[in-house]
Amino acid sequence: MAVSVRVRIAPSPTGFAHLGTASTALYNVLFARKQGGTFVLRIDDTDAERNRPEYEALIYESLHWLGLDWDEGPDKGGPYNPYRQSERLDLYREQAARLITDGKAYRCYCTPDELEAERKQAQVEKRPYKYSRRCLTNPPSDRSVFAVRFRVPGGEIHFTDMIRGEMKFDADLIGDFIIMKSDAFPTYQFASPVDDAAMKITHVIRGEEHLSNTPYQLMLVDALGYERPQAYAHMPLILAQDGSKMSKRKHPEMNLALYREHGYLPEALVNYLALLGWNPGTSQEIFTFDELAHAFSFERVQHAGARFDWEKLNWINGEYIRMLSDDELAKRLRPFVPQLDEETIRRAVPPLRTRMHKLAQAIDYLDYLWTDPPTPTLDAETARRVRSAIDTLRDTPWEPEAIEAALEKAVAESGVGKGKFYTPLRDVITGKKVSLPIHYTLALLPKDVALLRLQRTVD
RNA sequence: GGCCCCGUCGUCUAGCGGCCUAGGACGCAGCCCUCUCAAGGCUGAGAUCGCGGGUUCGAAUCCCGCCGGGGCUACCA
């Protein structure tokens, strides 16, 4: 009888919500949905120094925006409350005490400086560093501040990674590591496996940076007598364009808020993220969420890190924009052009939709509607053509089709081509070299305003 | 330094011993459409499969070494 799948993400609220969190969350959700399992959100706020509640809110917000909703979490509760590690401190302390009682962990009174000296010494002697176990064999009696160190049993650690297969680590190479900090907070290495066990997590899906951490956590799981998770999956990292690891400092694309601000559709970002490191084995590029959940499998996850590529994201986002209905696109455009009324936005959608790879670009096409462009100086011949445009437009119904027809007639009579005729009109109306097709450009502007802008250049 | 993961067009990738003169997508170039910009259509350039050895009748695919990148080795997660 198979127990139902339970997966989790455990982000740290130490800064803005970032891309890696979204990516990991996505793979967890995809797996959970496919297996009919449960997706848990746990807040890993054991770094008292750097955690901030507002960052936690940012995580909720970003994940909700992406549609990656969780079944259990600090905000909605669940059978394994609480879901914030800072509220589970008693559990970690109890378990650490149990390990100490069992002789599987011990108090370490070494100061950071002393440990640093040990490490340096090892480096000088060109030998791999392992904690000296000074506090295990010969603890000082005159100190009171301590951390708790796990007594690493050594041996070989085996586990299954759903992406890479059977993994094997030599734990004799791992030194005794700290599980409880001197501030009585657990380290990640400790809190994570304790909570995974307590919350009955069956599959641990996380970034590749945790692959080497797995033996640490498995030793703890064994020492505590917990059941091991069924399997792990370590997802390839998302790299910056230059192939380096993404850093918050140098790579703004890490910040999830940025995507919303620029007008990337959450479903497009999800689609892109799914394709970064995974492929369906078919030529399909655009997926609904359900299609992703259905097609997803760890066997088809890439083993190497993948570089983030704006161009591909832009293309996918453009595809999604073009697939939206007129009304839906108008609705999503609203926050980007608050200067415009709904009716105007709605009328701008048809010519706009093929011209954006992100929603914020609408501003470049539409800002002439609320910004008065400078009045250019026209030569005599151009002025003559503008006058003829004014004449024909004055009696034309203010609709794109009618305007187009009227203008084409004026063009034919002018003896010059459309390009020569329309370019100055575009310049006068928008002040730009690029705009929506001229008849839309005109139609979106109130007729009197459009005629005024034209008229004042020829007066 | 030690341990672990990884290495196919610029990028994301297909490939799991012969179907590969290495396929697709993004991007790029040209042409068509066209009032600008897009979108769309059509064509095209682009990878000696990191390098060097093996194994094999035959290797991008298997093995070894090297090089390169990344991760872990924290009282950060």
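Just the heavy atoms: all of them, side chains too, but no hydrogens, waters or symmetry mates, feed the values below.
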field: Residue matched to C66(B) through Watson-Crick or wobble contacts both under 3.5 angstrom
entry: G50(B)
message: Counting only Watson-Crick pairs (N1-N3 plus N6-O4 or O6-N4) and G-U wobbles (N1-O2, O6-N3), all under 3.5 Å, who is the partner of A25(B)?
response: U11(B)
Gap in Å between the two C1' atoms, one belonging to G27(B) and one to C63(B), rounded: 38 Å
field: Main-chain N/O of Asp172(A) paired to Lys130(A) side chain as donor or acceptor, under 3.5 Å
entry: yes
N-O pairing of Arg84(A) and Glu56(A) below 4.0 Å: yes
message: Both Met180(A) and Gly305(A) contact RNA chain B. Which one's nearest nucleotide lies toward the 5' end?
response: Gly305(A)
message: Could you check whether Lys312(A) pairs with Glu285(A) (Lys NZ or Arg NE/NH1/NH2 to Asp/Glu carboxylate O, under 4.0 Å)?
response: yes
- prompt: Tell me, for nucleotides 30-42 of chain B in 5' to 3' order, what letter each nucleotide earns: B for a base near a protein heavy atom under 4.0 Å, S for only sugar-phosphate near one, - for neither?
  reply: -----BBBBSS--
field: Carboxylate-amine/guanidinium proximity below 4.0 Å for Arg332(A) and Glu267(A)
entry: yes
field: From C4(B), C76(B), U11(B), nucleotide with atom closest to Asp309(A) side chain
entry: U11(B)
message: Measure CG/Asp183(A) against P/A74(B) and give the value in whole Å, please.
response: 18 Å
task: Report yes or no: is the cationic atom of Lys248(A) (NZ for Lys, CZ for Arg) under 6.0 Å from the centre of the six-membered ring of Phe16(A), at an angle within 45° of the ring normal?
output: yes
- request: Please work out if Cys108(A) contacts a base, only the sugar-phosphate, or nothing of the nucleic acid, heavy-atom cut-off 4.0 Å.
  value: nothing
message: In whole Å, measure the gap between the P atoms of G15(B) and U61(B) for me.
response: 15 Å
task: Just call it for Ser192(A): base, sugar-phosphate, or nothing, with non-hydrogen atoms closer than 4.0 Å on any strand.
output: nothing
statement: Rounded to whole Å, CG of Asn271(A) lies from P of C12(B) at a distance of 17 Å
query: The side chain of Thr187(A) lies closest to which of these nucleotides: G70(B), C3(B), C75(B)?
result: C75(B)
statement: Here the residues of residues 274-281 of chain A within 4.0 Å heavy-atom distance, strictly under, of RNA chain B are Leu275(A), Leu276(A), Gly277(A), Asn279(A)
message: Under a 4.0 Å threshold between the charged nitrogen and the carboxylate oxygen, would Lys432(A) count as salt-bridged to Asp427(A)?
response: no
- line: The nucleotide from C26(B), C4(B), C75(B) with an atom nearest the side chain of Leu115(A) is C75(B)
- prompt: Which part of the nucleic acid, if any, lies within reach of Arg164(A) when heavy atoms closer than 4.0 Å are counted: base, sugar-phosphate only, or nothing?
  reply: sugar-phosphate
Pairing of Arg164(A) and Glu208(A) as salt bridge, 4.0 angstrom limit: yes
Separation between the C1' atoms of A29(B) and C9(B), rounded to whole Å: 15 Å
field: Protein-nucleotide distance (Ile174(A), atom CD1; A74(B), atom P), rounded to Å
entry: 10 Å
message: I'd like the P distance from G70(B) over to C31(B), given in whole Å.
response: 41 Å
query: To the nearest angstrom, how far is Ile238(A) atom CD1 from G69(B) atom C1'?
result: 17 Å
- prompt: How is Gln241(A) classified with respect to the nucleic acid when contacts are heavy atoms under 4.0 Å: base, sugar-phosphate, or nothing?
  reply: nothing
task: Just compare C75(B), C72(B), C76(B) and give me whichever is closest to any side-chain atom of Ala147(A).
output: C75(B)
task: Ignoring the backbone of Leu237(A), work out which of C4(B), G71(B), G7(B) is nearest its side chain.
output: G71(B)
- prompt: Out of G70(B), U73(B), A25(B), which nucleotide sits closest to the side chain of Glu285(A)?
  reply: A25(B)
query: Does His303(A) put a side-chain nitrogen or oxygen below 4.0 Å from OP1 or OP2 of C5(B)?
result: no
query: Between the side chains of Glu166(A) and Thr160(A), does any donor sit under 3.5 Å from an acceptor?
result: yes
message: Students often get this wrong, so: under 4.0 angstrom with heavy atoms, is Ser12(A) touching a base, only sugar-phosphate, or nothing?
response: sugar-phosphate
message: Between the side chains of Glu114(A) and Arg143(A), is the shortest nitrogen-to-carboxylate-oxygen separation below 4.0 Å, so that they form an ion pair?
response: yes
message: Categorize Phe308(A) for me: base, sugar-phosphate, or nothing, with a 4.0 angstrom heavy-atom threshold over every strand shown.
response: nothing
- prompt: Should the pair Arg149(A) and Tyr131(A) be classed as cation-pi, given the thresholds of under 6.0 Å to the six-membered ring centre and 45° from the axis?
  reply: yes
message: In whole Å, I'd like the distance from the CD1 atom of Ile157(A) to the C1' atom of U73(B).
response: 16 Å
- prompt: Relative to the 5' end of RNA chain B, which residue comes earlier, Leu173(A) or Arg149(A), by the nucleotide with the nearest heavy atom?
  reply: Leu173(A)
field: C31(B) - base-pair partner by Watson-Crick or wobble geometry, distances under 3.5 Å
entry: G41(B)
message: Using a 4.0 Å heavy-atom cut-off, does Glu209(A) contact any base of the nucleic acid, only the sugar-phosphate backbone, or nothing at all?
response: sugar-phosphate
field: Nearest-angstrom distance from the residue atom OH of Tyr216(A) to C1' of G71(B)
entry: 12 Å
query: Which part of the nucleic acid, if any, lies within contact of Arg300(A), taking any heavy atom under 4.0 Å across all strands shown: a base, the sugar-phosphate backbone alone, or nothing?
result: sugar-phosphate
query: In Watson-Crick or G-U wobble terms, both distances under 3.5 Å, what is the partner of C57(B)?
result: G18(B)
query: Hey, does the Lys NZ or Arg CZ of Arg107(A) hover above the aromatic six-ring of Phe146(A), less than 6.0 Å from the centre and inside 45° of the axis?
result: yes
- prompt: Roughly how far apart, to the nearest Å, are U8(B) and G69(B) at atom P?
  reply: 14 Å
task: Decide yes or no on side chain to side chain contact (heavy atoms under 4.5 Å, CB included) for Phe289(A) and Leu30(A), but give the supporting numbers first.
output: CA-CA 8 Å; Phe289(A) 190 85; Leu30(A) 252 22; 3.8 Å; yes
task: Quick one: look up who C72(B) pairs with, Watson-Crick or G-U, both distances under 3.5 Å, and put none if it's unpaired.
output: G2(B)
query: Which nucleotide sits closest to the side chain of Leu211(A): U13(B), C5(B), C72(B)?
result: C5(B)
- prompt: Base, sugar-phosphate, or nothing: which does His210(A) touch, judged by heavy atoms less than 4.0 Å apart?
  reply: base
- prompt: Where do Leu26(A) and Ala274(A) come nearest, in terms of heavy atoms and distance?
  reply: CD2-N, 3.6 Å
